[in-house]
Structures are given as structure tokens and as C-alpha cells.
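Notes for the one structure printed next.
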Amino acid sequence: MKKIIFTLLAIIFSTSALSHGPTPQKVQESVTIAASPEKTWDALKNYSEFNKIMKVRSFKDKTMKIKYELIKTDVPFSDYNAQIRVKKGANDNESIVQWTARFYRTYKLNPPIPEGQDDATAVAAVNKIVGPGLAGFKKSVESK
Amino acid sequence: MVKQKKISIFNLKNSNIFILTFFLIILYFYFSYNFKIDHTSKAYITNQGDNTVSIVDLETLKKLKTLEVGVAPLGITILQKKKLVFVGNVGTDDISVIDAVNDRLITTIKLGTAPLSLTSNFEETEVYVTDWFKNNVLTVSVDEMRVTSSQNVGITPSGIAYNEKYQYQVITNRDANTLEIYDKDHNLVKKIETGNHPFGVYSEGNFAYVANVYDDSVSIINLVDWSKHEFLVGAHPYNVRVNNKVAYVTNTIDDTITIYDLDSKKTIKTLDTGETPENLDLSIKLNLLVVTNWGSDSISIFDTQNFKHIKEIKTGAQSRSFGDFILQ
């Protein structure tokens with residue numbers, strides 16, 4: 001029991017400490033798609049859903065990477081930059097799409113951090129975009 | 001009597017063997033210690049996402065060890081002569097000090113504020129730490145391993161570099177778009193405008209080099225006549241290093257480095273790195289450039305003689321190493 005309490009205290013302490021510094025947050029998620037990397041890459045370049053939330057900054061055919069920046073401003077995170085890349089899957093007809101986002105919480109000044117402007121809120125908001133975004137893209141590619 | 005003599009001769013031989021063995025042991029330790037100091041160049045990588053430092057042998061290009069440090073380690077500096085590594089932990093507001101001979105954590109210095117970047121003076125008696133939130137530069141005494149003074153500077157002090165020639169502390173103020181230069185007595189020598197969002201800084205001889213994140217450029221500032229000029233690099237440059245009149249710059253959004261010739265004022269090459277390359281340092285002896293990749297949790301290693309990629313090595317989560325991170 002003592003051990004459990006100690007562990008819980010340690011977790012609480014470490015997360016509150018983490019929200020203290022100038023630390024960029026990272027959300028990285030992958031999805032496996034039943035299509036060749038080439039097909040997936042073509043689909044990604046023409047997929048309009050992502051462009052509703054993000055603006056394409058650059059893309060590279062050689063490495064199958066698209067770089068995005070954010071369009072929306074009414075979000076609980078800031079300085080958002082992301083990339084989505086296509087990698088080879090387990091076989092020729094499979095690909096992996098990986099989304100990596102880098103961003104900060106909205107509150108940049110000295111602690112205490114106001115509610116809703118902390119790291120956890122920012123991460124949760126980005127998670128809500130990335131997870132469903134990838135699922136929607138998978139559905140779109142595999143249904144074609 | 002005869003018997004006694006024999007015994008004494010035996011004793012003498014025996015003591016000779018002891019003396020010989022003793023000297024051999026001393027010699028062994030002497031050479032192994034010196035061998036280590038003369039020949040091992042290592043990279044110390046702060047992994048902000050998993051509270052560790054990865055230590056990579058730059059001769060064999062293999063990971064040697066992973067050390068647990070404080071929470072969210074970011075900034076780093078190395079005392080080359082004293083073989084000490086100072087790591088700033090922004091989550092626990094302290095500094096982890098690593099002995100670079102044995103690669104062991106030797107002490108933790110409490111700061112009570114988030115250390116963003118670190119550097120030391122030439123004599124290695126003091127380590128300077130930028131305090132992002134309270135706009136200070138802290139001085140840590142290396143002998144005492146504690147903060148001995150604190151000096152107020154411009155807002156959001158970010159990168160800090162030490163100029164050996166003039167004994168200056170050179171500091172970027174990210175949100176003020178300025179570079180501040182302080183002398184060894186902590187007096188402000190000059191405050192000069194940079195590009196937009198200055199972050200990483202390097203200073204050597206008569207110059208300071210500043211990465212302007214939002215301008216996709218590097219400012220070169222003359223520390224004698226305060227003239228300045230800029231050159232363009234890739235998207236969102238984070239840090240810069242210079243050696244043999246060549247500048248190396250990390251472009252965080254392009255996943256590249258720019259290699260720029262300061263004499264001919266031309267980009268020599270743009271090379272691919274891992275994802276979100278943030279910081280970089282050079283092993284002069286081995287002609288290597290090491291880049292930390294925050295996005296792919298790795299480091300990219302390049303040959304600085306032919307400007308070619310050699311290897312990518314996995315390190316830990318969110319590798320950053322803001323500062324000088326190579327033990328030469």
C-alpha cells in the first residue's frame with residue numbers, strides 16, 4: 001500500500017514538474033494501410049481533409065513526407081508544426097502512415113499555469129486531431 | 001647461519017617481486033587512464049522525453065550507456081579540461097553533473113528555476129545558466145557546485161555562448177529579437193538587434209553567429225565594430241556551429257542541415273538529417289558533425305571533410321542537447 005501511494009505521489013509530482021519548463025510537446029501516431037506506399041503517397045498528396053486544418057508547407061516525393069503548419073488559431077496549443085510521412089509496410093501492398101506533431105502549450109509565462117492552457121490540455125487537443133485524422137485517411141484510401 | 005642467509009636472500013627476491021608488481025599496476029592504471037583521456041571522443045545526448053542522457057562513442061559510433069538524470073533534460077555544456085558534463089533539467093529545475101571519465105552522475109545542483117542553456121568560462125571555474133522564466137543568468141561555481149550569483153538580463157534569455165577571445169557571455173533574447181553581450185564582470189557591453197526569434201548562438205574570435213528561427217536566417221555579428229550581416233538557410237533554423245570558416249545550421253522544419261562557406265558566402269551543401277534536427281556539435285579531432293533529431297529520437301553523424309552522411313544512431317525520446325555536447 002505504501003508503495004502504491006509513493007508511486008502515485010511520484011507520478012503526480014513528475015507531471016506537475018513537467019509542465020513547468022519550455023518543453024515542446026510531441027504527438028506521434030501511425031496507422032497501417034492496405035495499399036502500396038506509392039498509392040498511399042499519391043492519396044495523401046490529394047487528400048483534402050488535412051488541408052482544412054493544416055496548410056502544406058512543403059513536400060518531398062523522394063522521402064514521401066509532407067510538412068504542415070497550422071491554419072486554425074482558436075486552439076488550445078501553439079507553434080504547431082507537423083509532418084506526415086509514408087513508409088513501407090510488411091509487404092508491397094501495405095504502407096505505414098506516421099503523423100508527428102510538435103507544439104507548445106498556449107501559456108508561455110511563469111507558473112502558475114491557468115487551467116486549459118497547460119501541456120496536458122494541448123496534448124489532448126492534438127490527440128483529438130491526429131487519431132481520427134489518420135483513421136479517416138485510412139478509410140478513404142482503403143475504400144478506393 | 002647458512003640457513004639464515006638463504007632466507008634473507010629469498011626475502012630480498014620476494015620484496016623485489018612485490019615492488020615490480022606494484023610498479024606494473026601503477027603503470028597499467030597510468031596508461032589506461034591517459035589512453036582514455038587522449039583517445040575517447042563522446043557525444044552526450046539529452047533526451048527530454050525520457051529523462052535520460054545517451055552517451056555515444058564517436059570512434060566506434062556505438063551507444064555506450066544511458067544515464068538517468070533529472071526531469072526533462074535540455075541544455076548541456078562540457079568542461080573539456082575537467083571532464084565534467086553539466087545537464088540542465090527544466091522539469092526538476094536543477095543541473096545533473098556527470099563525470100565524463102567514468103560516465104557517472106556525481107552530483108545534482110538545485111537551481112529553483114528552469115535552466116534553458118549553459119556554458120562555461122575558459123578557466124572552467126564557472127558555469128553560466130540562462131533562466132528562461134525569470135530573465136536571469138545564474139553563475140554556478142564549479143568548485144562549490146552551487147549557484148553563487150544571479151544577474152538580471154533581457155527577456156527570454158535563450159541560447160548562451162562564451163567567447164574565449166574577449167571573455168564575453170553572448171546571450172540571445174528570443175522574444176526581444178536581440179543579442180546581449182556581457183563582459184567577465186557581468187557588465188553589459190552591447191545590446192544589438194538580430195533577426196526574428198533568435199535562439200541558438202555560437203561565438204568565436206571576433207564574431208557571434210545567431211540562428212533566427214522565424215527569418216530562416218543566420219546573423220553574423222562583429223564583436224569589434226558591431227557590424228552585422230545575414231545569410232539565408234532552411235526553414236526554422238535552431239542552432240549554428242562554425243569551424244574552419246564553414247557554418248553548420250540545423251533547419252528544424254526541413255529536416256536538413258545547411259553547410260555554408262563563410263569566405264565565398266555560398267551554401268556548399270544541404271544534407272538530410274533525421275526528423276526535426278535541433279542542435280549540433282563538432283568532434284574536431286574526428287572530423288565529425290553530430291546533429292540531434294528531436295522528431296526521430298536519434299542523432300545523425302556527418303563527415304566534415306567530404307560533407308557526407310555517415311550514420312543515424314537511435315538515442316532516447318526527444319533528443320535535444322542544446323549547447324556543446326561533445327567531449328573532444
Side-chain angles (χ1 to χ4, degrees), chain A residues 10-30 54-70 78-87 96 98-105 107-113 118-120 123 126 130, chain B residues 46-51 70-75 88-94 111-117 130-135 155-158 174-175 197 199 213-214 216 234-236 238 251-256 270 272-276 278 293-297 317-320 322:
Chain A
I11 289 167
I12 291 163
F13 179 74
S14 67
T15 48
S16 66
L18 249 180
S19 62
H20 198 272
T23 307
Q25 303 299 308
K26 185 180 191 175
V27 164
Q28 187 168 56
E29 265 193 56
S30 296
M54 302 180 291
K55 191 173 110 193
V56 173
R57 191 189 271 275
S58 66
F59 71 90
K60 248 188 200 169
D61 281 315
K62 195 180 91 186
T63 46
M64 295 197 285
K65 265 192 224 176
I66 302 187
K67 297 276 181 178
Y68 297 93
E69 58 190 312
L70 204 70
S78 67
D79 301 286
Y80 173 100
N81 277 291
Q83 72 160 17
I84 302 181
R85 66 183 300 189
V86 179
K87 298 195 252 188
I96 294 160
Q98 186 188 55
W99 186 332
T100 309
R102 177 187 169 109
F103 52 94
Y104 291 81
R105 65 172 186 241
Y107 185 77
K108 299 281 181 63
L109 305 173
N110 263 323
I113 304 156
D118 56 354
D119 289 338
V123 171
V126 173
V130 174
Chain B
T46 61
N47 304 309
Q48 196 166 31
D50 60 18
N51 312 329
V71 175
L74 166 59
N89 306 303
V90 299
T92 32
D93 294 348
D94 52 22
L111 301 176
T113 189
L116 186 61
S117 67
T130 58
D131 164 7
W132 169 265
F133 285 125
K134 294 174 194 156
N135 306 329
I155 62 160
T156 54
S158 304
R174 198 196 73 178
D175 294 350
H197 219 75
F199 204 71
V213 181
Y214 289 167
D216 302 342
H236 282 202
Y238 206 78
N251 306 309
T252 51
I253 286 192
D254 289 348
D255 299 344
T256 60
T270 303
D272 288 336
T273 61
E275 291 166 22
T276 324
E278 277 200 353
N293 303 310
W294 178 89
S296 42
D297 305 336
Q318 298 166 34
S319 297
R320 301 190 75 185
F322 188 39

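Every chain is numbered from 1, with letters handed out A, B, ... down the list of sequences. Computed from a prediction, not measured in an experiment: that's the story for all the values here.
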Heavy-atom contact with chain A under 4.5 Å, split by part of B:Asn89 |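 For B:Asn89, there is no contact with chain A at all, as no heavy atom is under 4.5 Å.
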With a 4.5 angstrom heavy-atom cut-off, could you sort out which part of B:Tyr214 is near chain A: side chain, backbone, both or neither?
->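 Side chain of B:Tyr214 only, per the 4.5 Å heavy-atom cut-off to chain A.
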For A:Ser30, all residues meeting side chain to side chain contact (heavy atoms under 4.5 Å, CB included), sequence neighbours excluded | A:Ile96, A:Gln98
Which atoms of [X] are under 4.5 Å from chain B, going by heavy atoms: the side chain, the backbone, both sets, or neither?
| X | answer |
| --- | --- |
| A:Glu69 | neither |
| A:Lys26 | both |
| A:Ala82 | neither |

Greatest number of non-hydrogen atom pairs under 4.5 angstrom with chain B, of A:Arg57, A:Lys65, A:Arg102, falls to A:Arg102
Under 3.5 Å, is there a donor-acceptor pair between the side chain of B:Thr256 and the main chain of B:Asp272?
-> no
Please check if the side chain of A:Ser58 supplies one atom and the backbone of A:Lys67 the other of a donor-acceptor pair under 3.5 Å.
-> no
Results of salt bridge (Lys or Arg N to Asp or Glu O under 4.0 Å) for B:Lys134 - residues two or more places apart only = none
Minimum heavy-atom distance between B:Asp175 and B:Thr156, given as atom pair plus value = N-OG1, 2.8 Å
